[in-house]
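In the text below, chain A, chain B and the rest are named by the order of the sequence lines, each starting its count at 1.
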Amino acid sequence: MSLTFASWNINSIRTRAHLVKDWLDRNPDCTLLCLQEIKCEAHQFPKLFEEAGFHVAVAGQKAYNGVALISRVPLTVTTDHLPGFESDEARYIETELEGVTIGNLYLPNGNSGGDAGFAKKLNFLEALHQRSLTLQKEGRSFAFIGDYNVCPTEEDYAPKALSPDDALLRPESRAGFRRLLWSGLTDALRCLHPAGRHYTFWDYQAGAYQRNSGLRIDHALLSPRLADRLTGFTIDKDERGREKPSDHVPVVVSLS
DNA sequence: ATGACCGTCCACGACGGA
């Protein structure tokens with residue numbers, strides 16, 4: 001049975017609900033959309049999706065962070081936080097869909113809050129690694145999809161788009177991402193495109209999109225049996241050119 | 001060479017984002 005799901009850091013769902021609804025209408029094959037940075041509490045999440053027949057699950061908070069699921073089929077939430085990541089911040093929600101566990105994540109950026117802020121980023125990566133081991137031990141097929149705030153290699157950001165000591169590039173951040181790969185997971189984009197620059201984010205400043213000065217920070221990591229079903233990983237770059245866009249674009253995973 | 005954006009809130013400036 002085929003399955004298509006997507007991820008999009010929307011940078012405020014209340015500001016961009018119409019863009020999300022338009023996108024869903026133009027992508028009828030996408031069963032589940034994972035959102036990050038909704039920047040609101042559950043009760044503030046726009047009602048138009050449920051009014052249109054979608055199923056919605058929200059892990060929200062005031063002003064910052066927040067993740068949500070919008071589904072064409074009824075939703076079962078397995079957890080609304082990442083086990084082992086001790087924090088009030090709403091950064092993880094997980095569902096099970098057609099026998100596949102899908103973890104929707106928003107990793108801490110790690111540039112603010114000094115050493116403690118960076119440690120929070122590494123703690124999240126380690127908790128995600130533990131989640132990977134747990135799910136594999138349980139024999140489950142799963143995907144971790146979302147905004148990782150990590151450029152895994154030098155090929156994953158435009159020259160000079162970030163300062164060399166940025167938290168998105170730090171060796172410890174990249175080691176945390178590689179540890180997920182070593183646990184057996186497959187980077188969907190690199191599975192299909194082993195080389196080449198494919199960005200998912202362009203800063204609002206300095207005409208970054210027009211200059212294609214972007215980053216690859218939105219990723220989908222797949223468990224082994226799911227990776228065997230991978231048929232497509234699409235970056236919907238055109239969304240960045242719309243009126244009042246998010247700074248991230250949707251990424252879409254297709255499985256056979 | 002430099003600066004350049006955006007969304008949120010006990011809102012008109014500070015903070016976080018990346």
Side-chain angles (χ1 to χ4, degrees), chain A residues 7-20 34-46 58-68 85 87-92 104-125 128 145-177 189 197-219 235 237 239-251:
Chain A
S7 170
W8 195 0
N9 179 321
I10 198 60
N11 186 19
S12 170
I13 187 61
R14 287 176 293 175
T15 300
R16 286 182 247 285
H18 61 292
L19 285 179
V20 173
C34 301
L35 296 172
Q36 304 90 35
E37 278 206 271
I38 62 169
K39 293 188 171 179
C40 68
E41 297 177 281
H43 72 272
Q44 301 172 303
F45 198 90
V58 177
Q61 68 179 85
K62 188 181 283 200
Y64 298 116
N65 311 314
V67 289
F85 181 68
S87 170
D88 294 336
E89 296 178 346
R91 294 182 175 275
Y92 189 83
N104 170 19
L105 63 105
Y106 175 49
L107 238 132
N109 173 298
N111 280 309
S112 69
D115 291 344
F118 188 61
K120 188 169 67 181
K121 177 173 200 160
L122 300 184
N123 289 343
F124 192 106
L125 280 163
L128 196 60
I145 188 168
D147 179 357
Y148 282 71
N149 271 318
V150 176
C151 301
T153 75
E154 288 300 285
E155 206 171 13
D156 295 316
Y157 68 105
K160 290 182 239 171
L162 293 172
S163 87
D165 60 348
D166 195 284
L168 280 64
L169 310 178
R170 295 258 302 257
E172 302 94 322
S173 306
R174 287 175 165 174
F177 187 84
L189 182 282
R197 296 183 179 276
H198 303 270
Y199 304 137
T200 65
F201 165 94
W202 295 263
D203 200 284
Y204 288 120
Q205 298 188 60
Y209 181 61
Q210 287 69 26
R211 297 185 290 113
N212 196 28
S213 179
L215 315 175
R216 185 173 81 95
I217 51 179
D218 299 276
H219 309 298
I235 300 172
K237 184 176 180 182
E239 281 299 317
R240 187 64 178 78
R242 289 168 74 93
E243 192 81 14
K244 296 269 283 176
S246 170
D247 38 9
H248 297 248
V249 297
V251 299

A:N9 vs B:dA18: side-chain N/O to OP1/OP2 distance below 4.0 Å = yes

Under the rule syn = chi within 90° of 0, otherwise anti, which is B:dC12?
-> syn

Nearest-angstrom distance, P atom, B:dG16 to B:dC10 | 15 Å

Give A:Y106 one of three labels, base, sugar-phosphate or nothing, depending on what nucleic acid heavy atoms sit under 4.0 Å from its own.
-> sugar-phosphate

Can you tell me if the side-chain N/O atoms of A:R14 get under 4.0 Å from OP1 or OP2 in B:dC9?
-> yes

Spacing of A:I10 atom CD1 relative to B:dC6 atom C1', expressed in whole Å = 13 Å

About how many Å separate CG of A:L168 and CG of A:N109, when rounded to the nearest 0.5 Å?
-> 5.5 Å

Just how far, in rounded Å, is C1' of B:dG16 from OH of A:Y204?
-> 13 Å

Nearest-Å distance for atom pair CD/C1', residues A:E89 and B:dT8 | 15 Å

Check every strand shown and say whether A:A63 touches a base, only sugar-phosphate, or nothing at a heavy-atom separation below 4.0 Å.
-> sugar-phosphate

Look at the side chain of A:Y64 and decide which nucleotide, out of B:dC15, B:dC6, B:dA18, has an atom nearest to it.
-> B:dC15

Does NZ or CZ of A:R91 fall inside the cone over A:F124's six-membered ring, less than 6.0 Å from its centre and within 45° of the axis?
-> no

So does A:H248 get a side-chain nitrogen or oxygen closer than 4.0 Å to the phosphate oxygens (OP1/OP2) of B:dA18?
-> yes

A:N11 side chain vs A:E37 backbone, donor-acceptor pair below 3.5 Å = no

If we take the C1' atom in both B:dA1 and B:dA11, what is their distance in whole Å?
-> 35 Å

About how many Å separate NZ of A:K237 and OH of A:Y199, when rounded to the nearest 0.5 Å?
-> 9.0 Å

Could you grab the distance from atom CG of A:D203 to atom OG of A:S213, nearest 0.5 Å is fine?
-> 8.0 Å

Does OP1 or OP2 of B:dG7 have a side-chain N or O of A:K244 closer than 4.0 Å?
-> yes

Could you check A:A206 against A:G113 and say which one's nearest nucleotide on DNA chain B is further toward the 5' end?
-> A:A206

Could you check whether A:N109 gets within reach of a base, just the sugar-phosphate, or nothing at all, counting any heavy atom under 4.0 Å?
-> base

Sticking with atom C1', work out how far B:dC12 lies from B:dT2, rounded to a whole angstrom.
-> 27 Å

Verify the contact: side-chain N or O of A:T15 to OP1 or OP2 of B:dC6, cut-off strictly under 4.0 Å; return yes or no.
-> no

Classify the nucleic acid contact of A:R16 as base, sugar-phosphate or nothing, counting any heavy atom under 4.0 Å across all strands shown.
-> sugar-phosphate

Starting from C1' on B:dG16, measure out to NZ on A:K121 and report it in whole angstrom.
-> 14 Å

Over how many whole Å does the gap from A:N65 atom CG to B:dG17 atom P extend?
-> 7 Å

For residues A:Y148 and A:F177, establish whether the separation of their ring centroids is below 6.0 Å.
-> yes

Pairwise 5' ranking along DNA chain B for A:K120 and A:K39, keeping only the more 5' one | A:K39

Find the distance A:I13:CD1 to B:dT8:P and express it as a whole number of Å.
-> 11 Å

Sugar-phosphate only, base, or nothing, as touched by A:L215 at under 4.0 Å among non-hydrogen atoms | sugar-phosphate

Give the rounded distance in Å between these two atoms: CG of A:N149 and C1' of B:dG17.
-> 8 Å

To the nearest Å, how far apart are A:Q210 CD and B:dA4 P?
-> 17 Å

Got a second to check how far A:L215's CG is from A:F201's CZ, nearest 0.5 Å?
-> 5.5 Å

Which part of the nucleic acid does A:D218 contact within heavy-atom distance under 4.0 Å: base, sugar-phosphate only, or nothing?
-> nothing

Taking the side chain of A:Q205 as heavy atoms from C-beta outward, which of B:dC10, B:dC6, B:dA4 is closest to it?
-> B:dA4

Can you tell me how far P in B:dG7 sits from the matching atom in B:dG3, rounded to whole Å?
-> 23 Å

